[in-house]
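Everything numeric here is computed off the predicted structure, so don't read it as measured data. So that the names make sense, note that chain A is the first sequence line, chain B the second, and so on, each numbered from 1.
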Amino acid sequence: MSFENLGLAPFLLRALSEQGYENPTPIQEQAIPLALEGRDLLAGAQTGTGKTAAFGLPLLQHLGTNPQAVNGPRKPRALVLAPTRELATQVHDSLRSYSKYLRIPSACIYGGVGMGNQFDVLRRGVDLLVACPGRLIDHLERRSVDLSGIEILVLDEADRMLDMGFLPSIKKILAKLPRQNRQTLLFSATFEESIKQLALEFMRDPAQIQVTPKNTVAETITHRVHPVDGARKRELLLHLLAQDSREQTLVFGRTKHGCDKLAMFLDKAGIKTAAIHGNKSQGQRLRALGDFKAGRVTVLVATDIAARGIDINELPKVINYDLPMVPEDYVHRIGRTGRNGSTGQAISLVAQDEAKLLRQIVRLLDKDMDIRDVPGFEPQTPIRWGNSAPGKAEVPGGDRSPRKHARRPHGEAPRHAHAGAKSGGGQRDGAGRGASRGAGNGAPRGGAPSGQRRGGGGRGPGGGGHRAG
DNA sequence: AAAAAAT
């Protein structure tokens, strides 16, 4: 299959081949013909599989081949919304490069920068607008932009755009768009069912495309978990980074302040580090990402601002210093590595208070995780992976007994956790209660040398029926 | 309960 077969126009094919794109990815193969027909799309595909081109190429072809419907001042005809400024910039850049042989005036609209330029560009008129919601609404209220001529709407990272934080803004923008004759394209790597239902309300008979089983991640990414005491995470991170000090690593933290502190610590320890989060100025954000992409710093410490969409060439490793608050964000974070078929490594430092999060992640991924202590950094009290604190009622007999195990031996063989309980599979409650309840909670929490406990013992988080209630 | 997105 080649791009020619998908019905793309010569002016796009030429730009693609010049940029080295030869064969469409599965999501592109499926989405492009449907989008060219004018269908609405609800499209899910793994991170790093070319979603931008999947919506961008049909969008540009539409703009390039259909004459503008209205006379008078030029109004934007296509609108792409993205959840962060960096992603909006990246998408805009990509679309510019695909449309090299077209004359499509465009603008990228987001906050944190002056409005003057944006006023000018909008007044001169654009066909294509890539934007973050906040600043776009600002322009709407100032009447410096008119969205009544939008023919195509794209929500990139659609599930994020429709979550509680963004939804009010999206609704405001939707209210300014024409309802008739509008094509709506939604793309994301993760789609929760409730989000899907919400999306259906402002789409018309969308084709639903799911290229790979939903919420899965690239097979080329390996997942490793290091149990550790929260208080020793910094040291452990430093230890891990020092092992291969030239390797580009994206480190995710939970809070802006935490990321700042961590970046300072690493920098003082001699690791070239930058931090990026929403409290930094747009200039600082730009520089941090630029320095990291260019290799001027080896470590970028980021909040979830960098979790989605950001494309960093050949990034070999992502470390979750803190686990994300929602399991879907794990998928997006580690999707910064292993892009386009390359290999990647995802490492998560997990303290006791994150055990539950890890279990949710394993369940979502339905994937093996290599859980192993780092010699010298074993948690003082082995992690209890069970689904409740000791003494909670819903785990009869499971977790409430006091930990009587000694610490794990150093350098033991890795255990493997697997989400056996994902969807009606074998290890749900009833069946799992007996044997695997004990195993699921028992083994990873650690006491036993796990070499001997492979079978049931190796299940770890998510294994063995943690579906109480 | 955190982050993002307008100022």
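- Rounded to whole angstrom, the span from the CG atom of A:N320 across to the C1' atom of B:dA3 amounts to 15 Å.
- Of the residues in residues 279-293 of chain A, those with a non-hydrogen atom less than 4.0 angstrom from any atom of DNA chain B are A:R285.
- Atom P of nucleotide B:dA4 and atom NE2 of A:H332 are separated by 16 Å, given to the nearest angstrom.
- Looking at residues two or more places apart in sequence or on another chain, you find a side-chain contact (heavy atoms from CB on, under 4.5 Å) between A:Q243 and A:H239, A:L240.
- Between A:H332 and A:S188, the closest side-chain pair of non-hydrogen atoms falls below 4.5 Å.
- Applying the salt bridge (Lys or Arg N to Asp or Glu O under 4.0 Å) criterion to A:D146, with sequence neighbours excluded, gives A:K75.
- A straight line from CG of A:L81 to C1' of B:dA6 spans 15 Å, rounded to a whole angstrom.
- When rounded to the nearest whole Å, the span between CG of A:D329 and C1' of B:dA1 equals 13 Å.
- In this structure, CZ of A:R85 is placed 15 Å from P of B:dA3, rounded to the nearest angstrom.
- Rounded to whole Å, the distance from CE on A:M325 to P on B:dA4 is 14 Å.
- The nucleotide whose nearest atom lies closest to any side-chain atom of A:R254 is, among B:dA2, B:dA5, B:dA6, B:dA2.
- Every ring pair (Phe, Tyr, Trp, His ring centres under 6.0 Å) that A:F187 has, sequence neighbours left out, goes to A:F55.
- Rounded to an integer number of Å, the gap from CG of A:D322 to P of B:dA2 is 12 Å.
- If you take CE of A:M164 and C1' of B:dA1, they are 11 Å apart, rounded to a whole angstrom.
- In this structure A:H139 satisfies the ring pair (Phe, Tyr, Trp, His ring centres under 6.0 Å) test together with A:F119, sequence neighbours excluded.
- Here A:S169 lies out of heavy-atom contact (under 4.0 Å) with every strand.
- Within the nucleic acid shown, A:G278 comes within 4.0 Å of sugar-phosphate atoms alone, with no base atom in reach, counting heavy atoms only.
- Partners of A:A78 according to the side-chain contact (heavy atoms from CB on, under 4.5 Å) rule, which considers only residues two or more places apart in sequence or in another chain, are A:L59, A:L63, A:L128, A:I152.
- Relative to the side chain of A:R160, the nucleotides B:dA6, B:dA3, B:dA1 differ in distance, and B:dA3 lies closest.
- Of the side-chain N and O atoms in A:T303, one or more sit less than 4.0 angstrom from OP1 or OP2 of B:dA4.
- In the model, A:H92 has no side-chain atom that pairs as donor or acceptor with a side-chain atom of A:Y110 under 3.5 Å.
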